[in-house]
Amino acid sequence: MSISKSPDQIDQLLIKAETGNNLKREEIIELLALPISYTPQLLEAADRVRKEQVGDEIFLRGIIEFSNTCERNCLYCGLRKSNANLSRYRMSEDEIIATANEIKKSGVPTVVLQSGEDSFFDTEMICRLIERIRRETDLVITLSIGEKSYADYKSFQQAGANRYLLKHETADAEIYKYLRPGCKWEDRLQSLKWIKGLGFETGTGNIVGLPGQTLETLADDLLVMKLLNADMLGIGPFIAHPDTPLAGIDHDDLEMTLRVLAVARLLTRNTNIPATTALGTLHPQGRLLALQAGANVVMPDFTPEIYKSRYDIYPGRTDAGSAVEIIHKLEKDFQSIGRTLQYSIGHRLVKTDHSILH
Ligand code: SAH
Ligand code: SF4
């Protein structure tokens, strides 16, 4: 896409974005399409807004990937049910609780329970897990276990879950349908509205670099995040998995992912935005770059070693070492960019506006 704007007009657009004036779809597209020489200015603007809105602390979320079994067949994901090369696991309830205790011991205040869509873990089991984790560790609980019914979300909340992550993946309904066979974009959106309406801190987000995606699609992704008034935004690059239909569609989306992340910060102001593992996988400095482009959260992986490498969503994801070792290593990196780790809960500091949900 060519930009016909003069340098003065580009500067005006960057100032408008930084000062929090609502951006139109066209303006978001222009930001994503800025000439490469403007990337530092865009990322630095997002970094300043991050500092002003959510400060210099980096919040930690400990993640437990408790099952790599999945009944879905998303074309981009290594956990898809048709991938016969993957050795499947399910952690036992006691293993999950023991891992939650590890997280608690390390001082990380919140746990993210993530899995494939695995109905073996039925509503009752998930509720029991939530209740035990709350009772035995008092960790703040985030669920990332896929699409469920309204009644399920409600039960999870009543059991004590506080947050729910459900990335919308792409705002293009056609691409969504193609990449997630049997799934509908409207259902995803409905789920997100239910989750938000029930009062969960709600996470959504997208994958950058999916086949068929355009700058228009990415702008729509950003508008979905804004419209939902999501509290957490997961923005990661697509990484092709060799055992999926999208094998070999590899390209380096670091630059565009950082741009999307930066615009997400400029647009949504005080949300919690992780420096995703996928960015760290794509580039050795990926997470640090994200933290200097608007991100303020990291999610160390506490999944026990015996399972970790089998949670093979995309290749090359695991950091070497235990989660505690990884946190120590990250801490040094973060100090080098003037940031500190924050062992507090890190709720989004905002009054939720539910008006868009009705
Ligand atoms: N099953 C749940 C949660 C586990 S998948 C769900 O689908 O919501 C977690 C995230 O992994 C997904 O939201 C998706 O954005 C991401 N993901 C899957 N395959 C990927 C790939 N090849 N590259 C980058 N991200 C991927
Ligand atoms: Fe399953 Fe989630 Fe992977 Fe889709 S993205 S195949 S639902 S784990």
Side-chain angles (χ1 to χ4, degrees), residues 1 17 22-34 42 46 72-77 117 144 146-148 164-197 200-240 246 249 251 253 255-269 271-274 276 278-279 290 293-295 313-314 353 355-358:
M1 185 183 181
N22 263 342
L23 296 171
K24 293 199 269 301
R25 183 172 185 264
E26 207 45 49
E27 291 170 324
I28 296 174
I29 296 169
E30 280 165 10
L31 286 173
L32 296 176
L34 285 176
L42 177 64
R72 300 261 192 220
N73 230 351
C74 306
L75 267 59
Y76 43 78
C77 178
E117 291 205 10
S144 176
E147 264 173 60
K148 302 283 175 182
Y164 207 103
L165 297 180
L166 188 76
K167 288 173 68 175
H168 70 269
E169 315 294 3
T170 172
D172 182 312
E174 284 305 308
I175 299 178
Y176 185 91
K177 199 166 86 183
Y178 164 69
L179 292 175
R180 299 182 54 95
C183 299
K184 285 204 298 245
W185 155 247
E186 305 84 74
D187 294 344
R188 198 75 166 179
L189 196 61
Q190 180 62 72
S191 265
L192 281 161
K193 288 181 180 175
W194 283 337
I195 291 165
K196 185 80 187 171
F200 280 102
E201 272 190 63
T202 303
T204 193
N206 66 342
I207 307 179
V208 178
L210 291 170
Q213 198 175 49
T214 60
L215 294 186
E216 284 75 7
T217 328
L218 290 170
D220 290 338
D221 284 338
L222 286 156
L223 289 168
V224 167
M225 298 173 201
K226 171 87 179 164
L227 191 75
L228 276 169
N229 190 16
D231 307 287
M232 308 173 276
L233 307 174
I235 296 161
F238 167 62
I239 300 175
L246 301 188
I249 312 184
H251 36 164
D253 294 304
E255 160 100 16
M256 187 50 77
T257 308
L258 291 173
R259 281 187 184 220
V260 174
L261 198 153
V263 178
R265 170 61 70 204
L266 294 168
L267 203 60
T268 66
R269 316 302 287 179
T271 45
N272 283 316
I273 306 183
T276 50
L279 263 170
I313 290 182
Y314 48 79
D353 172 10
S355 58
I356 44 113
L357 302 171
H358 304 296

Discussion item. Applying side-chain contact (heavy atoms from CB on, under 4.5 Å) to Lys226 and Leu23, what does each step give before you reach the verdict?
Written reply: CA-CA 11 Å; Lys226 171 87 179 164; Leu23 296 171; over 6 Å; no

Worksheet item: Of the options Thr202, Asp231, Thr204, which is the one that meets Lys196 in a side-chain hydrogen bond (donor to acceptor under 3.5 Å, both in side chains)?
Response: Asp231

Worksheet entry | Criterion side-chain contact (heavy atoms from CB on, under 4.5 Å) on Ile235 and Thr276, from CA distance to verdict | CA-CA 7 Å; Ile235 296 161; Thr276 50; 5.7 Å; no

Worksheet item: Under the ring-ring contact (aromatic ring centres under 6.0 Å, His included) rule, what pairs show up with a residue in residues 200-220, not counting sequence neighbours?
Response: Tyr164-Phe200

Worksheet item: Which value, rounded to the nearest 0.5 Å, describes the distance between Leu192 atom CG and Asn229 atom CG?
Response: 12.5 Å

Discussion item. Can you tell me how far apart NE2 (His168) and CG (Leu233) are? Round to the nearest 0.5 Å.
Written reply: 9.5 Å

Discussion item. I'd like to know if the side chain of Gln213 reaches the main chain of Gly209, judged simply by a donor and an acceptor atom lying under 3.5 Å from each other, with no hydrogens or angles considered.
Written reply: yes

Worksheet item: Does Glu26 reach the side chain of Ile29, with side-chain heavy atoms less than 4.5 Å apart?
Response: yes

Item to complete: Please round to the nearest 0.5 Å and tell me the distance separating atom CD1 of Ile28 and atom CZ of Arg25.
Response: 9.0 Å

Response to the item:
Smallest heavy-atom separation, Ala278 atom then Pro237 atom, equals CB-CD, 3.6 Å

Practice prompt. Kindly state each residue pair satisfying salt bridge (charged side-chain N to carboxylate O under 4.0 Å, His left out) with at least one member in residues 168-179, sequence neighbours excluded.
Written response: Glu169-Arg188

Worksheet item: Can you name the nearest heavy-atom pair linking Ala290 to Leu279, along with the distance?
Response: CB-CD1, 3.7 Å

Worksheet item: What's the shortest heavy-atom distance between Cys183 and Arg72, and which atoms?
Response: SG-NH1, 3.3 Å

Response to the item:
So OG1 of Thr217 and CG of Asn206: to nearest 0.5 Å the spacing works out to 10.0 Å

Discussion item. Suppose we screen for side-chain hydrogen bond (donor to acceptor under 3.5 Å, both in side chains). Which residues come up paired with Tyr76, at least two apart in sequence or across chains?
Written reply: Arg180

Practice prompt. Please round to the nearest 0.5 Å and tell me the distance separating atom CZ of Arg259 and atom OG1 of Thr257.
Written response: 11.5 Å

Worksheet item: Does Leu179 reach the side chain of Phe238, with side-chain heavy atoms less than 4.5 Å apart?
Response: no

Discussion item. I need the minimum non-hydrogen distance between Ala264 and Met225, along with the two atoms involved.
Written reply: CB-SD, 4.4 Å

Worksheet item: Looking only at heavy atoms, which two atoms of Leu267 and Leu222 are closest? And how far apart?
Response: CD2-O, 3.6 Å

Worksheet item: Quick one: CD on Glu147 to CD1 on Ile195, what's the gap to the nearest 0.5 Å?
Response: 8.5 Å

Item to complete: Decide yes or no for Glu27 and Leu31: does some side-chain heavy atom of the first lie under 4.5 Å from some side-chain heavy atom of the second?
Response: no

Practice prompt. For the pair Asp221 (side chain) and Ala171 (backbone), establish whether a donor and an acceptor sit closer than 3.5 Å, ignoring hydrogens and angles.
Written response: yes

Item to complete: Examine distances only and state if a side-chain atom of Thr271 and a backbone atom of Ile273 form a donor-acceptor pair shorter than 3.5 Å.
Response: no

Worksheet entry | Leu266 side chain near Leu42 side chain, heavy-atom distance below 4.5 Å | yes

